Amino acid sequence: MRHPADISPLTFLDYPKKAACIFWYTGCNLRCPYCYNPELVLSSGGGVDEMAFLRERAGFLDAVVLSGGECTLNPDIAELCRQIKQLGYLVKIDTNGSNPDVVRSLLEEKLVDYVALDNKMPSTRSWRLPGGALLFDRFKETLKLLQTYKVPHEVRTTVHPDLLDEADILQMIREAHHLGYNQTYYLQLFFNEGKVKTLGNMKPPSRRYDRRLLDEMSPLPIGYRNFPEDRW
């Protein structure tokens, strides 16, 4: 079985209202310039014994988050989820939505309890992301699957004001809403200040978002993550 490259042993932020760990898997089919995990995106394999880790923490953790990279590229993801659930844990996946067939197979077998779905760009620009050809069509299909199988989920976008402006963000939120998404839409600010080398060597934003405009014009409530209140 393909093992994770690393494990974050405890988080209270990545699975709503649950104590969770994160398994980080290598490999990704996109090349987002703001990605802060280039070592995962550009490498393959991993050597952490995740099952031993979970057995040791039975009764302490509630859930396991599968992230990356893009965890749905792991050819063993279904068997991995089976083993995790046999140990009594909830399973969440973080995905860019580019592999709807994999997501469908997991949902059909009821192997996933929560999904965080990344929306990368407006439909009119999704082809500009390296590796992102037809990405919006796959995002739509994945979102439809989540709605059909009624699995708890969220839609989120990592944002950088120099890459996506307010009009882009509002278009993305409206498109998700048009597709039937009616929950909080989460914006995760790229916020680095040079502390971490990103895949595209992104610099800190040169401008700020007009959050009042976003809130007033959005058809959905917006949840802001990683927005320093003293500066945004």
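Treat the numbers as computed from the prediction; the structure is a model and nothing was measured. Hydrogens, waters and symmetry mates play no part in the numbers below; they use all other heavy atoms, side chains included.
- Contacts classified as side chain to side chain donor-acceptor pair (under 3.5 Å) and involving residues 4-20 (residues at least two apart or in different chains) are given here: Ser8-Trp24, Thr11-Asp14.
- By the ring-ring contact (aromatic ring centres under 6.0 Å, His included) test, Tyr186 is found to be paired with no residue, residues two or more places apart in sequence or in another chain being considered.
- Residues that satisfy the salt bridge (charged side-chain N to carboxylate O under 4.0 Å, His left out) test with Lys120, not counting sequence neighbours, are absent from this structure.
- Under the ring-ring contact (aromatic ring centres under 6.0 Å, His included) criterion, Phe136 pairs with Phe139, sequence neighbours left out.
- With rounding to the nearest 0.5 angstrom, the CD atom of Glu79 is 11.0 Å from the CG atom of Asn74.
- The two residues Ser218 and Ile173 make their nearest non-hydrogen contact at OG-CG2, 3.4 Å.
- Looking only at distances, a side-chain donor or acceptor of Asn226 sits under 3.5 Å from a matching main-chain atom of Leu189.
- Residues meeting the side chain to side chain contact (heavy atoms under 4.5 Å, CB included) test with Arg104, sequence neighbours left out: Asp101, Glu108, Glu141, Leu145, Tyr149.
- Between Phe23 and Phe53, the ring planes lie perpendicular to each other; the angle is over 60°, past the 30° to 60° tilted range.
- The list of salt bridge (Lys or Arg N to Asp or Glu O under 4.0 Å) pairs with a residue in residues 146-168, not counting sequence neighbours, reads Asp94-Arg156, Asp118-Arg156, Arg125-Asp168, Glu154-Arg225, Glu166-Arg207.
- Arg2 and Gly27 make their closest contact through NH2-N, 4.1 Å (heavy atoms, listed as atom of the first residue, atom of the second, distance).
- Distance CE/Met217 to CG/Leu170: 6.5 Å, rounded to 0.5 Å.
- For the salt bridge (charged side-chain N to carboxylate O under 4.0 Å, His left out) test, no residue two or more places apart in sequence or in another chain qualifies with Glu50.
- Between the CD1 atom in Ile84 and the CG atom in Leu54 there is a gap of 6.0 Å [rounded to 0.5 Å].
- Under a hydrophobic-cluster definition in which Ile, Leu, Val, Met, Phe, Trp and Tyr are linked whenever side-chain heavy atoms come within less than 4.5 Å, directly or via other members, Leu66 and Phe12 are assigned to the same cluster.
- For Arg128, there are no side chain to side chain donor-acceptor pair (under 3.5 Å) partners two or more places apart in sequence or in a different chain.
- Linking ILVMFWY side-chain heavy atoms closer than 4.5 Å, directly or via other members, places Met51 and Val64 in a single hydrophobic cluster.
- Applying the ring-ring contact (aromatic ring centres under 6.0 Å, His included) criterion to Tyr34, with sequence neighbours excluded, gives no partner residue.
- Arg31 places a side-chain N or O within donor-acceptor distance of the main-chain N or O of Cys28, the cut-off being under 3.5 Å.
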Show your reasoning for whether side chain to side chain donor-acceptor pair (under 3.5 Å) applies to Asn96 and Asn29.
CA-CA 9 Å; Asn96 60 30; Asn29 49 2; 3.2 Å; yes
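- Every residue meeting the side chain to side chain contact (heavy atoms under 4.5 Å, CB included) condition with Ala78, not counting sequence neighbours, appears here in chain and number order: Arg82, Leu106, Leu111.
- In this structure, the side chain of Thr157 engages the main chain of Asn119 through a donor-acceptor pair within 3.5 Å.
- The ring-ring contact (aromatic ring centres under 6.0 Å, His included) test applied to Tyr224 returns Phe227, not counting sequence neighbours.
- Evaluation of the ring pair (Phe, Tyr, Trp, His ring centres under 6.0 Å) test over residues 158-177, restricted to residues two or more places apart or in two chains, returns His160-Phe190.
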